[in-house]
S.K.: 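One structure, pasted below without further comment.
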Amino acid sequence: MRIKQMSAFDFFWNTCYSIANGDNPLAPFFKGEIFKRESFMLDIKFIADNLESAKSKLKDRLKGLDSLDKAAAFYQEKREIQKTADALRSQKKNFAKEIGMLKTKGADASSFMKDAEKLNTELEKIEERERILSLELEGILLTLPNIPLEDVPAGANESFNKEIKKWGESESFTFQVLPHYEIAEKLGILDFERGVKIAQSGFTLYHGTGAKLERALINFMLDTHGENGYQEKFVPFLVRGESLQGTGQLPKFKEDLYKIEGENLYLNPTAEVPLTNIYQNEILNEKDLPLYFTAYAPSFRKEAGSYGKDTRGIIRQHQFNKVELVEFSKPEDSEKEHQSMLAEAEKILQLLKLPYRIVILSTGDMGFSAAKCYDIEVWIPSMKTYKEISSVSNCMDFQARRANIKFRRESTGKVEYLHTLNGSGLAVGRTMVAILENYQREDGSVVIPDVLRKYMGNCTCL
RNA sequence: GGAGAGAUGCCCGAGUGGUCGAAGGGGGCACCCUGCUAAGGUGUUAUACUCCUAAAGAGUAUCGAGGGUUCGAAUCCCUCUCUCUCCGCCA
């Protein structure tokens with residue numbers, strides 16, 4: 001069901017509010033694009049009513065907690081202002097009606113018109129303040145990360161993450177294991193030099209069976225999720241700013257995004273963005289929930305700030321393939337659904353027989369939009385460590401608020417924000433790394449996992 | 001890229017300065033009528049914010065968006081965005 005195209009659908013907040021740039025009191029909040037949206041991100045009512053608890057919940061996720069105080073203060077003032085402004089507007093309407101009636105009768109309305117003018121000058125001042133308060137408030141709220149769920153381990157960084165599960169045995173190799181990039185170069189399937197020549201470092205050219213393996217993995221993942229009830233989608237790879245704001249990448253993480261010059265379009269950093277924004281500004285029927293979607297999309301990230309990390313090989317690339325899982329669920333089901341989405345992502349690794357573990361991320365290590373997040377980490381023999389291959393998040397109503405996605409509950413007839421979940425199922429490039437390394441043999445060949453063979457023309461090894 | 005048309009509520013569609021949150025129709029919902037069905041009748045039918053303990057209710061805003069003119073704008077002016085059609089180009 002398509003609802004009316006809302007303001008939010010179309011425009012730059014900052015062009016709408018053409019306050020002169022120079023002396024704009026809101027300058028601090030206008031560094032990035034902010035798109036107008038009727039609703040707020042975190043529930044400002046909740047923050048205002050539970051200021052101290054909100055602060056303690058966000059303390060590992062936010063540098064300056066005073067932004068919460070500010071937001072609460074702006075909100076209080078905004079409410080006061082709105083009361084006065086509404087009263088004045090009401091009066092203004094009455095004047096106009098009165099004048100209209102008098103004029104149609106041909107009577108004199110000049111004294112009313114004077115009163116109305118006087119009222120207007122007063123109202124203008126108040127409305128200016130009202131507008132500033134809304135902007136300031138929205139500016140802050142857009143930069144606040146989601147509030148973690150109770151059972152998320154508290155802590156400022158990844159050292160507080162907790163391993164909750166281990167699956168599979170890593171093979172005990174009787175020879176010197178090679179890192180994936182050496183295996184791949186020997187096999188002639190990954191070409192780093194030419195990737196750089198064509199594009200830049202962080203982009204890799206795949207040859208022959210390597211290219212085919214990548215495609216096999218994508219098809220295998222999509223088919224598996226499809227069989228398990230996830231509807232397959234094929235999505236636009238360019239997304240508009242509003243969509244990125246909806247899922248939480250904007251306005252805060254602009255520097256990690258590739259933007260099309262002169263356009264309000266970005267290369268999508270994850271298929272979560274197009275998938276979740278399918279229902280941007282819509283109200284769904286309760287009976288349609290939950291909805292399970294899966295899509296393949298290349299993901300583009302500048303990886304600003306991660307220079308020097310994982311520089312060799314294809315662990316960290318500016319362009320990588322990913323099969324994504326996204327779900328829209330009723331609020332009361334999202335925690336349960338989170339578990340099953342995690343299981344869905346695990347299934348891929350189990351079918352590929354790749355050893356992995358699951359960690360629950362601490363409050364400080366979670367992504368911006370997540371209220372709770374599990375990372376699945378696959379065993380990388382050459383690094384003798386587990387490496388993230390999937391991140392499965394419950395965003396609760398955080399993205400739904402930002403993207404304005406609701407459903408109508410049948411029992412009450414009321415609209416509510418729904419919950420969104422997303423997970424990688426899985427990162428394809430890293431899956432390739434895991435296969436190359438875990439399935440490598442002493443002679444430099446690589447065994448193809450059983451489940452992939454039918455996608456590879458029944459080849460058994462690379 | 002060139003030319004043109006358009007954007008109104010769940011859908012269609014009227015409305016060119018005055019009591020319009022918006023006629024009319026369709027659809028949905030509720031009730032009535034009918035032996036059942038069909039037909040018919042009556043009513044209802046958005047979202048957000050604020051006030052209110054809650055319910056009920058009230059106020060305000062919203063006719064693509066922003067700005068302007070005016071006592072008063074869906075209606076007039078400016079800017080922007082989006083959609084559609086034709087031509088050109090192109091997988």
Side-chain angles (χ1 to χ4, degrees), chain A residues 1-21 30 33-41 43-46 48-49 74-124 126-131 133-135 137-138 141 236-243 262-265 279-288 400-417:
Chain A
M1 173 181 57
R2 187 62 186 268
I3 61 158
K4 178 192 159 199
Q5 288 206 339
M6 292 182 59
S7 54
F9 220 78
D10 306 295
F11 299 99
F12 286 93
W13 192 222
N14 45 349
T15 53
C16 302
Y17 283 81
S18 47
I19 300 169
N21 288 339
F30 277 79
E33 290 88 342
I34 295 181
F35 302 95
K36 192 187 173 186
R37 194 75 66 174
E38 295 289 322
S39 49
F40 290 127
M41 307 57 239
D43 188 355
I44 179 60
K45 267 189 217 163
F46 174 84
D49 294 345
F74 285 142
Y75 178 59
Q76 295 302 354
E77 190 187 344
K78 189 178 169 244
R79 282 160 69 183
E80 288 305 312
I81 287 269
Q82 192 185 332
K83 259 195 273 182
T84 342
D86 279 355
L88 288 176
R89 277 185 217 113
S90 175
Q91 217 179 325
K92 174 178 166 172
K93 271 170 84 168
N94 288 333
F95 277 138
K97 271 186 198 177
E98 204 66 40
I99 292 164
M101 280 194 278
L102 288 171
K103 286 217 167 177
T104 45
K105 271 190 273 178
D108 175 49
S110 55
S111 79
F112 271 115
M113 284 169 69
K114 252 180 222 152
D115 286 346
E117 266 177 272
K118 214 184 289 172
L119 188 145
N120 275 347
T121 46
E122 194 183 342
L123 182 59
E124 262 168 42
I126 289 172
E127 285 187 330
E128 176 65 15
R129 182 68 189 154
E130 202 180 20
R131 216 185 315 173
L133 284 168
S134 298
L135 282 168
L137 186 56
E138 182 141 345
L141 290 173
F237 297 162
L238 296 188
V239 293
R240 51 199 312 163
E242 286 87 339
S243 298
E263 305 212 39
N264 179 25
L265 283 171
Y279 293 120
Q280 186 187 44
N281 293 317
E282 293 194 39
I283 299 171
L284 307 183
N285 295 317
E286 181 178 2
K287 64 171 167 27
D288 295 331
R401 283 176 187 282
R402 296 173 74 105
N404 192 26
I405 310 172
K406 301 180 175 179
F407 76 103
R408 190 178 302 278
R409 196 180 284 281
E410 270 161 40
S411 58
T412 61
K414 296 257 165 63
V415 291
E416 294 175 37
Y417 289 110

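Note that the structure is predicted; figures quoted are calculated from it, not measured. Protein chains get the first letters and strands the later ones, always in sequence-line order, with residue 1 at the start of each.
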S.K.: Taking any strand in view, what nucleotide pairs with B/U34 in a Watson-Crick or G-U wobble way, both distances under 3.5 Å?
M.R.: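 Check on B/U34: unpaired, no WC or wobble geometry under 3.5 Å.
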S.K.: Without decimals, in angstroms, what is the distance between A/N285 CG and B/G28 P?
M.R.: 14 Å
S.K.: Is B/C89 paired to anything, Watson-Crick or G-U wobble with both distances less than 3.5 Å, and if yes, which nucleotide?
M.R.: none
S.K.: Under the 3.5 Å rule, do the base of B/C71 and the side chain of A/E117 count as making a donor-acceptor pair?
M.R.: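 It does not, because no donor-acceptor pair links the side chain of A/E117 to the base of B/C71 below 3.5 Å.
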S.K.: Which nucleotide, in any strand shown, forms a Watson-Crick or G-U wobble pair with B/G9, with both distances under 3.5 Å?
M.R.: none
S.K.: Could you check which nucleotide pairs with B/G57 in any of the strands shown, counting Watson-Crick or G-U wobble with both distances under 3.5 Å?
M.R.: B/C51
S.K.: Both A/K83 and A/I99 contact RNA chain B. Taking the nearest nucleotide for each, which residue is further toward the 5' end?
M.R.: A/K83
S.K.: Please state whether the phosphate of B/U50, meaning OP1 or OP2, lies under 4.0 angstrom from any side-chain nitrogen or oxygen of A/Y75.
M.R.: yes
S.K.: Between B/U60 and B/C52, how many Å separate the two C1' atoms, rounded to a whole number?
M.R.: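 After rounding to an integer number of Å, I get 15 Å for this pair.
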S.K.: Within less than 4.0 Å of OP1 or OP2 of B/C20, is there a side-chain N or O belonging to A/K97?
M.R.: no
S.K.: Are A/E242 and A/N264 close enough that a side-chain donor and a side-chain acceptor fall under 3.5 Å?
M.R.: yes
S.K.: Measure CD/A/E410 against P/B/G28 and give the value in whole Å, please.
M.R.: 16 Å
S.K.: Whole-Å distance between B/U19 C1' and A/K103 NZ?
M.R.: 16 Å
S.K.: Taking any heavy-atom pair under 4.0 Å as a contact, classify A/K114: base, sugar-phosphate, or nothing.
M.R.: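 Touches nothing.
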S.K.: With heavy atoms under 4.0 Å as the rule, sort A/N94 into base, sugar-phosphate or nothing.
M.R.: nothing
S.K.: Using the P atoms only, state how far B/C77 lies from B/U70, rounded to an integer number of Å.
M.R.: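 It comes out at 16 Å once rounded to the nearest Å.
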S.K.: Starting at the 5' end of RNA chain B, which residue's closest nucleotide do you reach first, A/E80 or A/A116?
M.R.: A/E80
S.K.: Could you tell me whether the phosphate oxygens of B/C49, OP1 or OP2, come under 4.0 Å of any side-chain nitrogen or oxygen in A/R79?
M.R.: no
S.K.: Provide, to the nearest angstrom, the distance between the NZ atom belonging to A/K92 and the C1' atom belonging to B/G18.
M.R.: 14 Å
S.K.: Strictly below 4.0 Å: does A/R408 bring a side-chain N or O up to OP1 or OP2 of B/C29?
M.R.: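 No, outside the criterion.
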S.K.: Scan A/K414 against the nucleic acid and name what it touches under 4.0 Å (heavy atoms): base, sugar-phosphate only, or nothing.
M.R.: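 No contact.
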S.K.: Please give me the minimum heavy-atom distance between A/A48 and A/Y75, naming the atom from each residue.
M.R.: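 What the structure gives for the nearest pair is CB-CD2, 3.6 Å.
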S.K.: Would you check if A/S90 and A/K93 make a side-chain contact, meaning some heavy-atom pair closer than 4.5 Å?
M.R.: no
S.K.: Does B/G21 have a Watson-Crick or wobble mate here (both distances under 3.5 Å), and if so which one?
M.R.: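 By the stated definition (distances under 3.5 Å), nothing pairs with B/G21.
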S.K.: Considering only atom P, compute the distance from B/C71 to B/A14 and round it to an integer number of Å.
M.R.: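 Nearest-Å result for B/C71 against B/A14 at atom P: 32 Å.
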S.K.: Taking only the P atom of each, what is the distance from B/U47 to B/G9 in whole angstrom?
M.R.: 14 Å
S.K.: In whole angstroms, how far is the P atom of B/U19 from the NZ atom of A/K93?
M.R.: 12 Å
S.K.: Can you tell me, in whole Å, how much space there is between the P of B/C49 and that of B/U44?
M.R.: 26 Å
S.K.: Do A/E117 and A/K114 sit within salt-bridge range, that is, some charged N less than 4.0 Å from a carboxylate O?
M.R.: no
S.K.: Within a strict 4.5 Å, meaning less than it, do heavy atoms of the A/R409 and A/E286 side chains meet?
M.R.: yes
S.K.: Please tell me if A/K45 has a side-chain N or O lying less than 4.0 Å from either OP1 or OP2 of B/U50.
M.R.: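 Result: yes.
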S.K.: State the pairing partner of B/A46; accept Watson-Crick or G-U wobble contacts with both distances under 3.5 Å, and report none otherwise.
M.R.: B/U62
S.K.: Taking atom P in both B/A38 and B/C31, what distance in whole Å separates the two?
M.R.: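 These two P atoms come out 15 Å apart once rounded.
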S.K.: Could you tell me whether A/A96 contacts a base, only the sugar-phosphate backbone, or nothing, with contacts defined as non-hydrogen atoms closer than 4.0 Å?
M.R.: base
S.K.: Which atoms form the tightest heavy-atom contact between A/G413 and A/R408, and what is the distance?
M.R.: O-NH1, 3.1 Å
S.K.: Round to a whole Å and report the spacing from NZ of A/K118 to C1' of B/C71.
M.R.: 13 Å
S.K.: Give me the distance, rounded to whole Å, that separates B/A22 from B/G35 when you measure between the C1' atoms they each carry.
M.R.: 43 Å
S.K.: Expressed in whole Å, how much space separates the P atoms belonging to B/C78 and B/A5?
M.R.: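 Those two atoms are separated by 14 Å.
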S.K.: Calculate the interatomic distance between A/R240 atom CZ and B/G64 atom C1'; express it in whole Å.
M.R.: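 Going from A/R240 (CZ) to B/G64 (C1'), I get 12 Å.
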S.K.: Does B/G59 have OP1 or OP2 under 4.0 Å away from a side-chain N or O of A/S90?
M.R.: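 No, because none of the side-chain N or O atoms of A/S90 sits under 4.0 Å from OP1 or OP2 of B/G59.
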S.K.: Calculate, to the nearest 0.5 Å, the distance between atoms CD1 and CE belonging to A/I99 and A/M113 respectively.
M.R.: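 Reported value, rounded in 0.5 Å steps: 6.0 Å.
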S.K.: Quick one: is B/G66 close enough that its OP1 or OP2 comes under 4.0 Å of any side-chain N or O from A/R131?
M.R.: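 A/R131 to B/G66 OP1/OP2: no side-chain N or O under 4.0 Å.
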